[in-house]
Chemist: 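Mind having a look at this structure? Questions to follow.
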Amino acid sequence: MKRILLVEDEPHMQQGLCDNLTFEGYEVTVAGDGQAGLDHLRASTFDLVLLDVMLPRMSGFDVCKNARAEGVQTPIIMLTAKGEEIDKVLGLELGADDYVTKPFSLRELLARVKAVLRRPAVAAADDTPDAVTIGQLTVDFATFAVTSGGEAVEMTHREFEVLQYLYERPGQAVSRNQLLSDVWGYDHLPTTRTIDNFILKLRQKLEHNPAHPRHILTVHGVGYKFVR
């Protein structure tokens with residue numbers, strides 16, 4: 001049974017989501033404020049976090065930021081009443097895997113939950129070797145494990161997906177819109193800050209000299225291409 005941590009302070013929303021997620025067969029743990037949510041993440045293992053942005057004691061953004069800084073790799077879907085694009089981008093940049101803007105339909109949320117929970121189980125493409133060396137990293141596409149010099153390297157599911165997407169298209173110019181559409185599943189979202197931030201993080205982890213990358217190259221006016 002998949003375990004979901006729901007961090008939501010509004011009682012009616014909290015109860016409604018908890019009931020529906022339980023009905024769908026998930027085991028749900030509820031936290032009513034940001035600090036309690038972060039404490040749960042530190043103490044237990046979950047398959048997914050549904051994290052409201054506007055929370056008492058600690059915002060959802062700060063929960064996400066602190067969790068990622070502490071090495072928590074659990075997928076996070078942000079729940080936000082804010083419709084401004086900058087807030088959506090900020091959540092993604094802090095390490096969230098997806099977001100849903102309130103008011104949202106239960107059907108939409110459940111679809112996002114199922115999609116995120118499926119991601120770790122998705123195997124690499126048939127023509128992609130399980131373990132490859134990319135720069136200073138050894139990446140196992142079958143187990144989602146990343147190491148450098150034998151030591152584990154922290155990488156979010158989204159960073160891994162972006163890397164795998166580029167790796168499977170060597171020499172091909174991939175636009176930012178392609179990445180947002182195929183990896184995130186979004187059609188309309190500001191692209192530059194979101195994608196460029198992820199590429200910057202990937203370069204810092206895999207390139208021997210991130211300032212002069214050899215594997216993830218910029219294609220000016222288009223996006224990026226991967227060189228093996």
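Bear in mind the structure is a predicted one, so any value in this text is a computation, not a measurement.
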Chemist: Report yes if the side chains of D9 and D52 come closer than 4.5 Å at any heavy-atom pair, otherwise no.
Modeler: yes
Chemist: I need the L206 CG to Y167 OH distance, nearest 0.5 Å.
Modeler: 12.0 Å
Chemist: List for me each residue that meets side chain to side chain contact (heavy atoms under 4.5 Å, CB included) alongside A111, sequence neighbours excluded, and say none if there are none.
Modeler: none
Chemist: Could you tell me which residues satisfy side chain to side chain donor-acceptor pair (under 3.5 Å) with E70, sequence neighbours excluded, listed by chain and number?
Modeler: R42
Chemist: So do L51 and L79 actually touch side chain to side chain, heavy atoms under 4.5 Å?
Modeler: no
Chemist: Using a strict cut-off of less than 4.0 Å between a Lys/Arg side-chain nitrogen and an Asp/Glu carboxylate oxygen, indicate whether E10 and K102 qualify as a salt bridge.
Modeler: no
Chemist: Is there a path of hydrophobic side-chain contacts, each under 4.5 Å between heavy atoms of I/L/V/M/F/W/Y residues, joining V100 to L6?
Modeler: yes
Chemist: Can you list, by chain and residue number, the hydrophobic cluster partners of V222 when the side-chain cut-off is 4.5 Å?
Modeler: V219
Chemist: Give, for atom CG of L48 and atom CG of L5, the distance between the pair rounded to the nearest 0.5 Å.
Modeler: 9.0 Å
Chemist: Among all residues two or more places apart in sequence or in another chain, which pass the side chain to side chain contact (heavy atoms under 4.5 Å, CB included) test with A69?
Modeler: none
Chemist: Return the minimal non-hydrogen interatomic distance between V63 and G34, and the atom names on each side.
Modeler: CG2-O, 3.3 Å
Chemist: Do V7 and V49 make a side-chain contact, defined as non-hydrogen atoms from C-beta onward lying under 4.5 Å apart?
Modeler: yes
Chemist: Applying side chain to side chain contact (heavy atoms under 4.5 Å, CB included), can you list everything that pairs with T45, at least two apart in sequence or on another chain?
Modeler: none
Chemist: Considering only heavy atoms from C-beta outward, does the side chain of V153 approach that of L137 to under 4.5 Å?
Modeler: yes
Chemist: Applying the 4.5 Å side-chain criterion to the ILVMFWY set and letting contacts propagate, would F198 and L217 be lumped into a single cluster?
Modeler: no
Chemist: Using the salt bridge (charged side-chain N to carboxylate O under 4.0 Å, His left out) criterion, which residues pair with D62? Sequence neighbours excluded.
Modeler: none
Chemist: Give me the atom names and distance for the closest heavy-atom approach of P56 to G32.
Modeler: CD-O, 3.9 Å
Chemist: Treating Ile, Leu, Val, Met, Phe, Trp and Tyr as nodes and any side-chain heavy-atom pair under 4.5 angstrom as an edge, say whether V227 and V132 lie in one connected cluster.
Modeler: no
Chemist: Do you reckon F160 sits in the same ILVMFWY cluster as L200, going by side-chain contacts under 4.5 Å, direct or chained?
Modeler: no
Chemist: Can you tell me how far NZ of K205 sits from CD of E159, rounded to the nearest 0.5 angstrom?
Modeler: 3.5 Å
Chemist: Under the rule for salt bridge (charged side-chain N to carboxylate O under 4.0 Å, His left out), what residues qualify as partners of K201, not counting sequence neighbours?
Modeler: none
Chemist: List for me each residue that meets ring-ring contact (aromatic ring centres under 6.0 Å, His included) alongside F46, sequence neighbours excluded, and say none if there are none.
Modeler: none
Chemist: Got a sec, which pairs hit side-chain hydrogen bond (donor to acceptor under 3.5 Å, both in side chains) with one end in residues 16-34, sequence neighbours left out?
Modeler: R3-E27, Q15-D19, D33-R57
Chemist: Can you name the closest pair of heavy atoms from Y165 and Q178 and give their distance?
Modeler: OH-NE2, 3.8 Å
Chemist: OG/S59 to NZ/K65 distance, rounded to the nearest 0.5 angstrom?
Modeler: 9.5 Å
Chemist: With sequence neighbours excluded, what pairs up with Q14 under the side chain to side chain donor-acceptor pair (under 3.5 Å) test?
Modeler: none
Chemist: Give every residue pair that meets the side-chain hydrogen bond (donor to acceptor under 3.5 Å, both in side chains) criterion with at least one member in residues 209-221, sequence neighbours excluded.
Modeler: R203-T218
Chemist: Can you name the closest pair of heavy atoms from C64 and A96 and give their distance?
Modeler: SG-N, 3.6 Å
Chemist: Under 6.0 Å from the ring centre and within 45 degrees of the ring axis: does the NZ or CZ of R228 meet both conditions for the six-membered ring of F226?
Modeler: no
Chemist: Output the distance between atom CD (E108) and atom CG (L110), rounded to the nearest 0.5 Å.
Modeler: 10.0 Å
Chemist: Mind checking the CG-CD spacing from L163 to E168? Nearest 0.5 Å is all I need.
Modeler: 9.5 Å
Chemist: Considering non-hydrogen atoms only, spot the tightest contact between S148 and Q136 and give its length.
Modeler: OG-O, 2.9 Å
Chemist: By salt bridge (charged side-chain N to carboxylate O under 4.0 Å, His left out), which residues pair with E207, not counting sequence neighbours?
Modeler: none
Chemist: I'd like to know if the side chain of R169 reaches the main chain of K225, judged simply by a donor and an acceptor atom lying under 3.5 Å from each other, with no hydrogens or angles considered.
Modeler: no
